[in-house]
Amino acid sequence: ASDSCRQGPDYILETSGLNKMEHRSSCLTSDGGYIVVGLTNDFSSDPYKDDILVTKFTNTGNVEWSKVYAVESKIFCSSILELTTGDYIVSGRHSLDGYDYNACLLNISSSGELNWSKKFTDPDHSYYDEEFDFLSLGTDSGFVVMGKIMDPAYIDVKLIITKFENNGTLTWCRKKNFTAYSHCDSLIPCSDGGYMAGYSYLGAPSGYKSSCMSKYNQTGEIEYTNSSYRYDDDICHSVTELADGSFLRFGMTRTSSFQIRDALVIKTDVQGNLVWAKTIDTGEGEEGRYIKETPDGDLLITAYRRVSD
């Protein structure tokens, strides 16, 4: 892996309305605050070349610091995570020529200084694009990231789970083959030391998306996969483990007409067998985004819906 990023000037939030600021991911921090990562572009040189913007907030919403991390060419960020060291890791992809993409990681100190940046290239598929999507702390040490390796036509796709130490050293990488595009929106450590990934891929019998989750052991070997074909188009955005070891995944389902959209909750047991599937329908077009069991056994969910004018 090689360095692929440099730190840009500090970013001022009170900027011209022409500037782009796009939120991509956020997380709670150990000091009770929040950290947010996204994309920014001041359109002064190349309107198609975004930079990474990271902003740290206190628990009262005040800005501690905000910094831009600029690259030679195009970059896209997917997720941010606080490590046990107090540093932050950002996942995504970048390209030097605007066409061929490599997965990349940025390590940022607690004060926003860039510690290191590295790229990941699959030696078995030199002309494929790589991307890191969702991050999770490792169950023993370091961190784990889900991503994908794909051919330029997005037909041959391999979902990857990769383990790194905090300094960016690669520990292991596992690949799962798909026949069409997939995207991981959720990755959690499990109580048994393994990991659960929630994702969507174009593999349903109708040719639309399927809501999926895959259970991995501590070394990244896959234990089982569960897929949902409730209607024509199912999407998974979040997965959580319950106190009894079962799992919930949360997302959206709709028919092929794309006129009916409902939030979808699917429960599976410890072995991945379907227990039940339920929709949340208020008639306004709901989509589930996040689900988590609270310490008292309730469920915290976030979702959105379309509201008629």
Side-chain angles (χ1 to χ4, degrees), residues 23-28 34-38 77-82 91-92 131-137 139 143-148 159 161 176 181-192 194-204 208-216 224-231 233-254 261-270 272 274-282 285-306:
H23 168 266
R24 298 301 306 175
S25 178
S26 58
C27 71
L28 297 174
Y34 312 85
I35 193 162
V36 178
V37 66
C77 56
S78 298
S79 185
I80 190 167
L81 178 73
E82 184 180 20
S91 64
E131 179 178 346
F132 284 146
D133 293 327
F134 208 87
L135 290 157
S136 171
L137 288 177
T139 53
F143 61 95
V144 176
V145 59
M146 291 295 299
K148 51 187 171 287
L159 196 68
I161 180 170
K176 177 178 174 59
Y181 179 77
S182 59
H183 183 80
C184 177
D185 273 336
S186 185
L187 176 67
I188 60 169
C190 298
S191 57
D192 64 357
Y195 305 91
M196 180 65 79
Y199 54 95
S200 308
Y201 82 104
L202 290 171
Y208 296 108
K209 291 181 180 178
S210 171
S211 169
C212 300
M213 65 180 194
S214 290
K215 177 66 172 61
Y216 297 86
Y224 65 79
T225 293
N226 179 282
S227 302
S228 166
Y229 305 113
R230 184 174 176 85
Y231 291 115
D233 210 34
D234 293 351
I235 295 175
C236 174
H237 287 307
S238 181
V239 62
T240 189
E241 183 181 15
L242 303 180
D244 62 2
S246 61
F247 294 91
L248 292 176
R249 67 181 185 267
F250 195 36
M252 179 272 290
T253 186
R254 59 185 171 183
R261 178 193 298 251
D262 296 325
L264 175 65
V265 186
I266 299 173
K267 183 175 183 179
T268 56
D269 63 19
V270 177
L274 178 66
V275 178
W276 49 256
K278 299 180 183 292
T279 57
I280 301 173
D281 179 15
T282 65
E286 301 78 19
E287 183 162 348
R289 301 297 302 184
Y290 178 81
I291 190 167
K292 177 75 173 180
E293 186 178 32
T294 62
D296 58 5
D298 292 332
L299 292 176
L300 172 67
I301 67 171
T302 62
Y304 69 86
R305 65 178 182 176
R306 296 177 178 177

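Worth knowing before you read on, the calculation uses all heavy atoms, side chains too, and leaves out hydrogens, waters and symmetry mates.
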Can you see which heavy atom on [X] is nearest to which on [Y], and at what distance?
{"X": "L135", "Y": "F143", "answer": "CD2-CD1, 3.8 Å"}
{"X": "E241", "Y": "I188", "answer": "N-CD1, 3.6 Å"}
{"X": "P189", "Y": "Y195", "answer": "CA-CD2, 4.0 Å"}
{"X": "G288", "Y": "A263", "answer": "N-CB, 3.8 Å"}
{"X": "S227", "Y": "C212", "answer": "OG-SG, 3.3 Å"}

Sole candidate of V239, L299, T302, I280 that passes side-chain contact (heavy atoms from CB on, under 4.5 Å) when paired with F250: I280
How many angstroms lie between atom [atom1] of [X] and atom [atom2] of [Y], to the nearest 0.5 angstrom?
{"X": "S246", "Y": "D269", "atom1": "OG", "atom2": "CG", "answer": "8.0 Å"}
{"X": "M252", "Y": "Y304", "atom1": "CE", "atom2": "OH", "answer": "7.0 Å"}
{"X": "Y199", "Y": "M213", "atom1": "OH", "atom2": "CE", "answer": "10.0 Å"}
{"X": "L264", "Y": "S211", "atom1": "CG", "atom2": "OG", "answer": "6.0 Å"}
{"X": "C27", "Y": "I35", "atom1": "SG", "atom2": "CD1", "answer": "6.5 Å"}
{"X": "S136", "Y": "M196", "atom1": "OG", "atom2": "CE", "answer": "12.5 Å"}

field: Side-chain touch T240/F247, heavy atoms, less than 4.5 angstrom
entry: no
query: Do V144 and I161 have side-chain heavy atoms sitting under 4.5 Å apart?
result: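 Side-chain contact under 4.5 Å: yes.
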Keeping the roles fixed (side chain from [X], backbone from [Y]), state whether a donor-acceptor pair exists under 3.5 Å.
{"X": "S25", "Y": "V37", "value": "no"}
{"X": "S91", "Y": "D133", "value": "yes"}
{"X": "E293", "Y": "A243", "value": "yes"}

query: Considering the options T268, D185, D234, N226, which one meets the side chain to side chain donor-acceptor pair (under 3.5 Å) requirement together with R249?
result: N226
- prompt: Which is it for I301 and Y290 under the side chain to side chain contact (heavy atoms under 4.5 Å, CB included) test, yes or no, and what are the steps along the way?
  reply: CA-CA 5 Å; I301 67 171; Y290 178 81; over 6 Å; no
task: Could you walk me through whether V265 and L248 pass the side chain to side chain contact (heavy atoms under 4.5 Å, CB included) test, one step at a time?
output: CA-CA 7 Å; V265 186; L248 292 176; 4.2 Å; yes
